[in-house]
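Accompanying notes for the structure given below.
If you're wondering where the values come from, they're calculated on a predicted model, not measured in any experiment.
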Amino acid sequence: MFLRALWSRRGALRPAERFRVFSSVLHGSDPKPRPASSEAPPPQHRRLHPPSGLRSSARFYSTSIVKSVLKSGLKPAPLPGKRAPKGPRTKQPSRANQPSQKQDEDMMQCIAFATADQYHLPTLCHDLTNHGFQEIDLPRDASNVLGMSTETAAKPEDDALMFFFREGSVVFWNVEEKTMKQVLRVLEHHEIQPYEVALVHWENEEINYTLGEGNTRLERGDFFLSLDISQQEAVLEKFAFSNALCLSVKLAIWEVALDSFVESIQSIPETLKSGKRIRLSSAEVMQKIGELFTLRHCINLRSDLLITPDFYWDRENLEKLYEKTCQFLSINRRVNVVNEKLEHCSQLTDLMRSHLSEKHSLRLEWMIIILITIEVMFELAKMIF
């Protein structure tokens, strides 16, 4: 019995001794056990001792381990009160089997911007011609597009072309950055309802392209233009690609406008849920309804997002390039998502309008009740007096 009690006491003290030795190694002190003292340990060391009879499960990390973890690239989690900024919605989609950086340097660049609601093409053509640009002859059924060329190309392998769409978007093919900025400055004088500059440069499309043998195609997120066709056919193929890019950047601008509209009304369902009053006047509700129907009109009626343009009716080759690019940019899927959001917002605005109409009707009913009460009081006063 005496040996068993001595052995159990020795086993109970062993974890504390191990803990004391480990902590002394961390702090660089003597690992030997210290003699008992009547003075209490300082507060900063008191918390290092585990309770008697329990094995410690705490983990201690040295500064070298912490520094190695920070250098490994691990980022701290964001604060719960802050939202991470959204990334651009129209940047290049993720590509499988991406080409190497050397191949990207050999390719030319095609960039699309949506800068305004509309362009005034006749005055724009006259202004660009005065600045030394040459107009490109396009088919007669492409009347809502202006094509221009310039001699200052970014790379000598291909000509520098620009396509201006009346819907408020422009596409640059192999154009120098300096020339691109000059054209955008000239374009500011011919825009109808221009967009914010930050939004224009944030919501854009950039796709690389190159010239080679074989048929013109879209492969792995890049354009491959054929060298075995005439110059006029090459311009039309670029026009087909540009048409799809134009739709994508315009849709991106409308997606941002819809997101802003959703954020402006997102507190209304919570207000209705809590039983509080909606602090919106009738004029503000009608303004929200007008914004919503303007977006719906632009997306579903004024643009070619839902149908293929008539330009490709008798041009099957160009139609295939146009539809392939639209499929790559997920235009149909994005339009369906936008229409679903518009339908939900429309139901919410109808609820707001019906709530305000009921509130107005209730006010009228109370006014009628008060008037009837006043009339009854006058009649009673005549009868009594």
Side-chain angles (χ1 to χ4, degrees), residues 88-114 136-139 142 145 147-165 169-177 179-180 203-252 304 308-309 311-334:
R89 65 177 71 243
T90 60
K91 294 299 180 183
Q92 296 180 7
S94 59
R95 306 179 184 181
N97 301 324
Q98 290 186 348
S100 62
Q101 186 66 23
K102 184 177 180 180
Q103 292 178 352
D104 287 342
E105 293 177 356
D106 295 338
M107 288 187 172
M108 292 161 282
Q109 200 171 38
C110 172
I111 307 177
F113 297 99
I136 302 174
D137 294 332
L138 294 176
V145 184
M148 304 294 292
S149 63
T150 178
E151 297 179 355
T152 57
K155 292 187 177 181
E157 288 84 1
D158 191 23
D159 298 332
L161 301 180
M162 298 171 288
F163 295 97
F164 300 89
F165 292 83
S169 58
V170 55
V171 183
F172 298 96
W173 291 80
N174 194 29
V175 179
E176 287 184 345
E177 185 177 358
T179 307
M180 195 183 308
E203 299 292 347
N204 61 6
E205 288 287 356
E206 298 181 9
I207 294 183
N208 298 326
Y209 80 97
T210 185
L211 305 177
E213 298 179 355
N215 297 326
T216 300
R217 62 195 182 277
L218 172 63
E219 184 178 346
R220 297 179 182 178
D222 296 327
F223 295 144
F224 292 89
L225 304 182
S226 176
L227 288 173
D228 303 330
I229 56 177
S230 63
Q231 185 177 4
Q232 183 64 22
E233 292 177 345
V235 170
L236 292 180
E237 288 180 349
K238 290 181 179 179
F239 169 77
F241 288 131
S242 302
N243 198 353
L245 294 174
C246 161
L247 293 180
S248 180
V249 291
K250 287 294 291 185
L251 181 58
D304 295 328
T308 303
F311 177 82
Y312 306 102
W313 181 261
D314 54 350
R315 300 176 175 92
E316 295 182 359
N317 185 27
L318 299 180
E319 184 179 2
K320 291 179 181 179
L321 298 178
Y322 170 80
E323 291 180 349
K324 185 70 175 180
T325 310
C326 290
Q327 183 181 0
F328 171 74
L329 298 171
S330 304
I331 290 180
N332 293 332
R333 181 181 59 82
R334 290 161 59 190

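The pair Lys238-Asp158 meets the salt-bridge criterion, since a charged nitrogen lies less than 4.0 angstrom from a carboxylate oxygen.
In this structure, Phe311 has its ring center under 6.0 Å from that of Phe239.
When side chains are defined from C-beta on, Glu237 counts as touching Asn317, because their heavy atoms get closer than 4.5 Å. Looking only at side-chain heavy atoms (C-beta outward), Val171 and Cys110 come within less than 4.5 Å of each other. Side-chain contact between Leu161 and Val235 is present, with at least one heavy-atom pair separated by less than 4.5 Å. The side-chain heavy atoms of Pro139 and Arg315, taken from C-beta on, include a pair separated by under 4.5 Å. Under the 4.5 Å side-chain criterion, counting only non-hydrogen atoms from C-beta, Asn243 is in contact with Pro309. Put simply, the side chain of Met108 reaches to within 4.5 Å of the side chain of Leu211, judged on heavy atoms. Proximity of Ile331 to Thr325: side-chain heavy atoms (C-beta onward) are nowhere separated by under 4.5 Å. In this structure, the side chains of Ile207 and Phe241 stay at 4.5 Å or more apart for every pair of heavy atoms.
Other residues, nucleotides and ligands contribute over 12 non-hydrogen atoms within 6.0 Å of the CD atom of Gln232. By the neighbour-count criterion of 12 heavy atoms within 6.0 Å, atom CG of Asp137 is sparsely surrounded, having that number or fewer from other residues, nucleotides or ligands. With a 6.0 Å radius and a threshold of 12 heavy atoms from other residues, nucleotides or ligands, Glu316 has its CD atom at or below the threshold.
From Leu245, atom CG reaches atom CZ of Phe223 across 5.0 Å, with rounding to the nearest 0.5 Å. A distance of 9.0 Å separates CD of Glu203 from OG of Ser248, quoted to the nearest 0.5 Å. Distance check: Leu318 CG to Tyr312 OH gives 7.0 Å after rounding to the nearest 0.5 Å. Lys155 contributes atom NZ, which lies 8.5 Å from atom OG1 of Thr210 (distance to the nearest 0.5 angstrom). In this structure, Phe224 CZ and Met107 CE are separated by 4.0 Å, a value rounded to the nearest 0.5 Å. In this structure, Thr150 OG1 and Glu176 CD are separated by 8.0 Å, a value rounded to the nearest 0.5 Å.
When all heavy atoms of Tyr209 and Leu225 are compared, the closest pair comes out as CD1-CD1, 3.6 Å. Thr152 and Thr179 make their closest contact through OG1-OG1, 3.2 Å (heavy atoms, listed as atom of the first residue, atom of the second, distance). Across all non-hydrogen atoms, the minimal contact from Ala112 to Asn204 is O-CB, 3.2 Å.
Ring geometry, Phe172 versus Phe164: the interplanar angle exceeds 60°, so the pair is classed perpendicular (tilted spans 30 to 60°).
A donor-acceptor contact shorter than 3.5 Å is absent between the side chain of Ser169 and the backbone of Phe113.
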Requested in this report: Step by step, work out the side chain to side chain contact (heavy atoms under 4.5 Å, CB included) result for Gln327 and Leu218.
Outcome: CA-CA 11 Å; Gln327 183 181 0; Leu218 172 63; over 6 Å; no
Requested in this report: May I have the step-by-step check of side chain to side chain contact (heavy atoms under 4.5 Å, CB included) for Ser226 and Asn215, ending in yes or no?
Outcome: CA-CA 5 Å; Ser226 176; Asn215 297 326; 5.7 Å; no
